[in-house]
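Convention: sequence-line order gives letters A, B, ...; per-chain numbering from 1.
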2 protein chains.
Amino acid sequence: MVRMVRVSTRDEILRVAGEQFARVGFKGTSLQDIAVEVGCSKAALLYHFAGKEQILLALVATAEAALTGLLADLDGLDAPAAQALAIERFVDLVLEFRREAALVYEVVPQFHSEPAFGTVLAEADKLCVLITAGSEDPAAIIAAQTVLHGIVNVAIDDKWDAAELRPALLRVARRALITTPHHDKD
Amino acid sequence: MVRMVRVSTRDEILRVAGEQFARVGFKGTSLQDIAVEVGCSKAALLYHFAGKEQILLALVATAEAALTGLLADLDGLDAPAAQALAIERFVDLVLEFRREAALVYEVVPQFHSEPAFGTVLAEADKLCVLITAGSEDPAAIIAAQTVLHGIVNVAIDDKWDAAELRPALLRVARRALITTPHHDKD
DNA sequence: GTCTATATCAAGATAGAC
DNA sequence: GTCTATCTTGATATAGAC
């Protein structure tokens, strides 16, 4: 009932490609590299996906679905509550989808032409607004972007495990971003 | 006396390559792309530099020299003073060498095999230690890396100018990283 | 110091066998 | 569903003219 003995080749491709895209970039990863690590041929890759870019799209779709869910949960809350929850949920999201998060924040911006990535970038922007509690102050926006990018960057490398990262990232994000006097500790 | 009318082709190559490497990555930038923007031929590029990788090395050398100077200035200070100054000087350094900083923190780590980059990575680590005030606490190290990476990432994009970024980055870095009760405001 | 070839190689992608 | 060719393109790099 564990159903992990034999993952589908398609899922295996996504796993390997996600890891390599996040580590050495989209252009830095060749189909050859992915095929070798998956243990199949380039042609087998291209049976499962219509091209390298389609692999990236599939990975980003995963991240986008999760991000959409997060935004839906924050909808309707007042600004301070949304900010606090946004920080916590964002950290959890990044820890769950480490590689996909790195893709959204680092490789997707390089494809600004591609309309398929428009929605996920717009959602990342929305999240940033919620985390600044809607502030128009450039300093607040810069602070939020600094922390969001920093979190994603740190989460990429496998030096730290999620159990260590979670409290540390929550702490730094709250100290840096939450302006109200309460909630500064936990 | 302005001496900006005609920069050398070599400097122009470095400027353009630095911008493109930071924006779309090392692998994502072709000699063709650089040559077009510089307004010369690929062959002219390869007259000035022995290869694409040599251009990257020259850019990183600039960043490394600045980083070495920064570390020398911090040498001998006690931990809290070194931490405060490290934060301020790091922000100034990143703003002065935006693209080079992005290279050190994002593309150089992908060349972990290359021994030529060993020293600059070691120096970036030293800086991280100074900024944690020597703490062994994983949470402190994670916080420092989060902020350092975040600062570099935000500084890459030209949406903000240095005058706006400097106070905002200093503020977020201090709030996130300085543990002593004083100095939390300025 | 810069350009016009051109060599060489690896990448993404396709066709068709198994 | 996966493999063995093979095609096409574009990238780095070299040689030699100007």
Side-chain angles (χ1 to χ4, degrees), chain A residues 3-61 103 106-108 110-111 113-117, chain B residues 3-61 103 106-108 110-111 113-117:
Chain A
R3 185 62 76 202
M4 277 188 186
V5 187
R6 182 54 179 140
V7 283
S8 71
T9 302
R10 190 174 188 280
D11 289 345
E12 189 62 8
I13 291 169
L14 285 175
R15 191 187 62 78
V16 169
E19 191 273 322
Q20 298 202 13
F21 288 167
R23 187 159 47 83
V24 294
F26 180 74
K27 298 283 281 270
T29 304
S30 73
L31 293 181
Q32 189 72 255
D33 297 333
I34 300 169
V36 167
E37 197 172 321
V38 169
C40 68
S41 67
K42 275 195 290 180
L45 253 51
L46 293 164
Y47 164 78
H48 290 283
F49 296 93
K52 193 165 89 159
E53 198 165 313
Q54 296 302 312
I55 302 178
L56 178 60
L57 282 166
L59 288 164
V60 171
L103 296 180
E106 296 194 18
V107 349
V108 165
Q110 300 174 4
F111 285 78
S113 53
E114 194 68 47
F117 293 132
Chain B
R3 186 62 75 203
M4 276 189 186
V5 186
R6 182 52 179 141
V7 284
S8 71
T9 303
R10 191 176 187 280
D11 289 346
E12 190 60 11
I13 292 169
L14 286 175
R15 189 186 64 78
V16 170
E19 190 274 322
Q20 298 202 12
F21 288 167
R23 187 160 46 83
V24 294
F26 180 74
K27 298 282 284 267
T29 304
S30 73
L31 292 182
Q32 189 71 255
D33 297 333
I34 300 170
V36 167
E37 198 172 320
V38 169
C40 70
S41 68
K42 280 192 288 180
L45 254 50
L46 293 164
Y47 164 75
H48 291 283
F49 296 93
K52 194 166 89 161
E53 197 165 314
Q54 297 302 311
I55 303 179
L56 178 61
L57 282 166
L59 287 164
V60 171
L103 296 180
E106 296 195 17
V107 348
V108 165
Q110 300 174 5
F111 285 77
S113 52
E114 195 67 46
F117 293 132

[X], nearest nucleotide to its side chain (from [options]):
{"X": "A:A44", "options": "D:dA13, C:dA13, D:dT2", "answer": "D:dT2"}
{"X": "B:A43", "options": "C:dG12, D:dT14, D:dA11", "answer": "D:dT14"}
{"X": "B:L31", "options": "D:dT2, D:dC3, D:dT12", "answer": "D:dT12"}
{"X": "B:S41", "options": "D:dT2, C:dT4, D:dA13", "answer": "C:dT4"}

Take atom [atom1] of [X] and atom [atom2] of [N], then tell me their distance rounded to the nearest Å.
{"X": "B:Q32", "N": "C:dA10", "atom1": "CD", "atom2": "C1'", "result": "17 Å"}
{"X": "A:Q54", "N": "C:dT14", "atom1": "CD", "atom2": "P", "result": "11 Å"}
{"X": "A:K52", "N": "D:dG10", "atom1": "NZ", "atom2": "C1'", "result": "13 Å"}
{"X": "B:I34", "N": "D:dA11", "atom1": "CD1", "atom2": "C1'", "result": "12 Å"}
{"X": "A:K42", "N": "D:dT2", "atom1": "NZ", "atom2": "P", "result": "17 Å"}
{"X": "A:F49", "N": "D:dT2", "atom1": "CZ", "atom2": "C1'", "result": "15 Å"}
{"X": "A:K27", "N": "D:dT9", "atom1": "NZ", "atom2": "P", "result": "17 Å"}
{"X": "A:R10", "N": "D:dT2", "atom1": "CZ", "atom2": "C1'", "result": "16 Å"}

**Q.** Side chain proximity check, A:F111 to A:L56, heavy atoms < 4.5 angstrom
**A.** yes
Q | Contact check, side chains of A:T9 and A:Y47, non-hydrogen atoms, under 4.5 Å | A | no
Q: State whether the side chain of B:D33 and the backbone N or O of B:S30 hold a donor-acceptor pair below 3.5 Å, judged by distance alone.
A: yes
Q: Say whether, by atom type as modelled, one donor and one acceptor occur between the side chain of A:K52 and the main chain of A:L46 under 3.5 angstrom.
A: no
(Q) Does a side-chain N or O of A:Y47 approach OP1 or OP2 of D:dT2 to a distance below 4.0 Å, or not? (A) no
Q.
For a quick check of understanding: with a heavy-atom distance under 4.0 Å over all strands, which category does A:S30 fall into, base, sugar-phosphate or nothing?
A. sugar-phosphate
Q) Hey, does A:L46 reach any base, or is it just sugar-phosphate, or nothing, if we go heavy atoms under 4.0 Å? A) base
Q: Give a yes or no on whether a salt bridge exists between A:E19 and A:R15, defined as a side-chain N under 4.0 angstrom from a carboxylate O.
A: no
